[in-house]
**Q** 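What follows is a single structure, and I will ask about it in a moment.
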Amino acid sequence: MHIVVCVKQVPDTTEVKIDPETNTLDRSSAPAIINPYDAHAVDEAVRLKEQHGGKVTIISMGPPGAVEVIKKCIELGADEGYLLSDRKFAGSDTLATSYILAKGIETICQDNPFQLIFCGKQAIDGDTAQVGPGIARRLLIPQLTYVNEVTAVDSAKEVITVHRKLDDGYEVVEAKMPCLITVEKEINQLRYSSLPNMLRAARYQPHMLNADELNADVTNMGLKGSPTSVAKIFAPEQRGEGEIIAGSNDETINQLIQKLSDQMAK
Amino acid sequence: MGCEACVAECPHQALYMNDEGQCNVLENDCVDCGQCVDVCPVAAISLPQRAESKEQSNNTSDKNVISENKTEEKAVKLEGDLSKYQGVWVFIEQREGEIASVSLELLGAGRELADKLGVELSGVLLGSEIADKANNLYQYGADKVYLLEHPGLKYYRTETYMQNFVQLVQKYNPEVILMGATTTGRDLAGAVATDLGTGLTADCTALDIDPEERLLLATRPAFGGNIMATIVSKKHRPQMATVRSKVMKMPKPIFEQQGELVKVDVEIDESQLLTKVREIVQQAGDKVNLQDAEIIVAGGRGLGDGDNFKVCYDLAKSIGAQVGASRAAVEAGWIDHKYQVGQTGVTVAPKIYIALGISGAIQHLVGIRGSDIIIAVNTDPEAPIFKECTYGIVGDALEIAPLLKQPLQQLLADKKAS
């Protein structure tokens, strides 16, 4: 079984700091990491490979520095990794990104067709959850989003059964392979990397592909291929400065309760 | 700061982000048009005085092309390819015949957009034996309901819903489509937008119309929720957006309101389909109802570790509140994601929101903005949450939360009695 996993390098948004003076982002404060959901996607793919045999191939789009997340995936047990990197990709929105990744998948799977594609349910920097479904539509395969358990893979019938998370429970869905799956974190517990995998990752050089190598239409990429654009960026409106209550713990609590009482009486 | 607003704005693709997230200029492509300077939110870009000799003639002609395009765009209101797209649609999500509240909220938001555009608002309802639900939708503001009924549409499946929805769009050409940012809505929206090759903006917190160009102005937190961005889809229709539950106000139903029902023929050949829903398992016991909670006690990274998080449970229990958490606390593994409050969790609107050790990333703040009273306790006097709260206490939440229990309990009991 050939499993392709799409991963993204993201800034660790929990570490992003805001300059209180200018209300802008200090991006340099955030280290680049593998999108946490994607790490679970890689782990799930590796687990399926361990059970059913086959190969796990990583694909990512990003600046040359994103090779680091691919090496991280090799540590997690992936076999190979491709980085799609080209200035022509810059400024791609989700529609253009799904086009580039779909073309990348077609290119790397030319001689070894995939049965499954895994993605994280969303990336923590954009939080759109749109690229996974976009890739599935472009490759014309079923999509199973928000999956929190793979319950069965029938390689002979080429059918996979999963649990899809719903707002108040889950649904059991069967899909014909090849198909695309986006995963929730609870699909698995990340495992520690094995020493051989870590050694392999340290030496591993991911394959690089640029726009010309994708057999694709460049007008569908980057800004030209992106219907959406940012019209405006701004610091959000504030509710209005809060009233700071100062004093000893007892004093502040008394004051707070008094103020709450007054306000709730209104 | 790496926001890439300038990259998107540059008409000559002369800007790009390097690995460090800094903006670089391709000297040969740049025509000094200055559009990037205007759009930069932090005034990080300036136009250097260039030597006069730099291909002036070439630049001028390029600029003319840009301005001509702009005038054309404004004229598009009545003619051109985009003019055939008219009307605002809301995807009406239902499960077991029950309409999701977010769909009704979106009819309220969609009504305002439709009025600004001077067009009809339509609900698109897919399911099995659900015709009686249409009346409900008129009451919430729909002028028209497209009804797609078929046993094969009883449960949501991407392939059946997507195919039928896309066909309907291609037949009637709406200019705006709104969907709830639920697991179903986001699944469908991503597939539909890709199939139509159009723009989609996820999890919007505000929607408006630019009347000049009939553009949907879709605003959402960006970059991990630390700043707001307004996204447009200038040359593509329909313009699509998803919105989370409780972000838009539920409209007041007007019971005598009527509308037009359009029944749409649906053909589904089950043997051709690639997915099957085998079972739906409800886990009501697990459901965390933050959305409707009157009081929420939420904890963040400032609590220090997972064990300390129990001060939230203690306080919540004593005052009958629901427990919530910031993204940082969830990412740290102290509490399950379903308790997460904020843009990527649940948007809440309680009477009292108590934030313990939450610094207040924008993505969190946008999720609690609807609260009547926000009480913040944090050791860092510079924490952004103090700019958004009603009352702030600079101090250690671990000390203060236990002290709040008794007096808050008393206060709430008194209020209830009176």
Side-chain angles (χ1 to χ4, degrees), chain A residues 13-14 16 18 20 22 24-25 27 63 65 87 90-91 95 98 124-125 127-130 133-134 137-138 142-143 145-146 165-176 223 227-236 238-239 241-245 249 252-253 256-257 259-261 263-264, chain B residues 1-3 5 7-8 13 16 19 21 41-42 158-159 182-183 186-187 190-191 194-195 198-202 223-224 226-233 236 274-283 287 328 331 344 362 369 382 386-393 399-400 403-404 407 411 415:
Chain A
T13 48
T14 58
V16 174
I18 304 179
T22 58
T24 53
L25 294 189
R27 252 209 187 187
R87 277 217 325 266
L95 190 78
S98 69
I124 61 166
D125 56 348
D127 288 317
T128 69
Q130 281 163 205
R137 282 316 299 147
R138 291 183 181 283
Q143 69 191 44
T145 51
Y146 308 102
K165 192 173 172 176
L166 300 173
D167 296 330
D168 53 356
Y170 62 89
E171 62 180 14
V172 184
V173 194
E174 257 178 36
K176 187 97 174 111
L223 293 164
T228 61
S229 58
V230 178
K232 192 168 77 164
I233 288 212
F234 57 100
Q238 290 175 346
R239 268 170 66 104
E241 194 86 8
E243 182 181 348
I244 303 292
I245 304 171
N249 282 351
T252 48
I253 283 164
L256 175 69
I257 297 294
K259 284 173 196 294
L260 281 176
S261 178
Q263 180 148 4
M264 286 164 80
Chain B
M1 61 179 259
C3 75
V7 176
Q13 303 189 25
Y16 67 98
D19 291 353
V42 292
T158 316
E159 50 182 341
T182 58
T183 49
R186 289 172 126 214
D187 185 275
T194 309
D195 235 43
T198 194
L200 166 63
T201 307
F223 311 112
N226 289 291
I227 204 158
M228 306 298 286
T230 301
I231 314 285
V232 294
S233 180
H236 293 75
L274 299 169
T275 48
K276 274 196 176 67
V277 176
R278 284 289 176 210
E279 193 185 352
I280 293 204
V281 182
Q282 307 262 357
Q283 291 173 315
K287 203 174 173 186
E331 297 280 337
T344 44
I362 286 165
R369 201 156 278 165
E382 298 295 322
F386 287 130
K387 295 214 165 105
E388 289 267 339
C389 66
T390 321
Y391 303 114
I393 297 175
E399 283 175 27
I400 289 169
L403 297 174
L404 274 172
L411 176 69
K415 290 293 160 197

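Residue numbers start from 1 in every chain, and the chains themselves are labelled A, B, ... in the order their sequence lines are given, proteins ahead of strands. FYI, side chains are in, hydrogens and waters are out, and symmetry mates aren't considered; it's all heavy atoms of this structure.
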**Q** Just give me the residue among A/Leu166, A/Thr128, A/Val172 that pairs up with chain B most often, heavy atom to heavy atom, under 4.5 Å.
**A** A/Val172
**Q** Compute whether any side-chain donor of one residue and acceptor of the other, for B/Tyr391 and A/Gln263, lie under 3.5 angstrom apart.
**A** yes
**Q** Against chain B, label A/Ile253 side chain, backbone, both or neither, depending on which of its atoms sit under 4.5 Å from a heavy atom there.
**A**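 It is the side chain, since no backbone atom gets that close.
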**Q** Quick one: what part of A/Leu95 sits under 4.5 Å from any heavy atom of chain B, side chain, backbone, both or neither?
**A** side chain
**Q** Just how far is it from atom CD of B/Glu279 to atom CD of A/Glu171, taken to the nearest 0.5 Å?
**A** 10.5 Å
**Q** Hey, which of B/His236, B/Glu159, B/Arg186 has the most heavy atom pairs under 4.5 Å with chain A?
**A** B/Arg186
**Q** Does A/Gln143 use its side chain to pair, donor to acceptor, with the backbone of A/Arg137 at less than 3.5 Å?
**A** no
**Q** Less than 4.0 angstrom from a charged side-chain N to a carboxylate O is my criterion; do B/Arg278 and A/Glu174 meet it?
**A** yes
**Q** Taking B/Lys415 for the side chain and A/Ser261 for the main chain, is one N or O donor matched with an acceptor at less than 3.5 Å?
**A**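 Indeed, once roles are kept as given, a pair shorter than 3.5 Å links the two residues.
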**Q** Rounded to the nearest 0.5 Å, how far does CD of A/Glu243 lie from CD1 of B/Ile393?
**A**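 Reported value, rounded in 0.5 Å steps: 11.0 Å.
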**Q** Could you look at B/Thr390 and say if it's the side chain, the backbone, both or neither that has a heavy atom under 4.5 Å from chain A?
**A**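 B/Thr390 touches chain A through backbone and side-chain heavy atoms alike.
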**Q** Counting only non-hydrogen atoms closer than 4.5 Å, does A/Tyr146 touch chain B with its backbone (N, CA, C, O), its side chain (CB onward), both, or neither?
**A** side chain
**Q** Measure distances from A/Leu256 to the heavy atoms of chain B and classify the residue's part below 4.5 Å as side chain, backbone, both or neither.
**A**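 It is the side chain, since no backbone atom gets that close.
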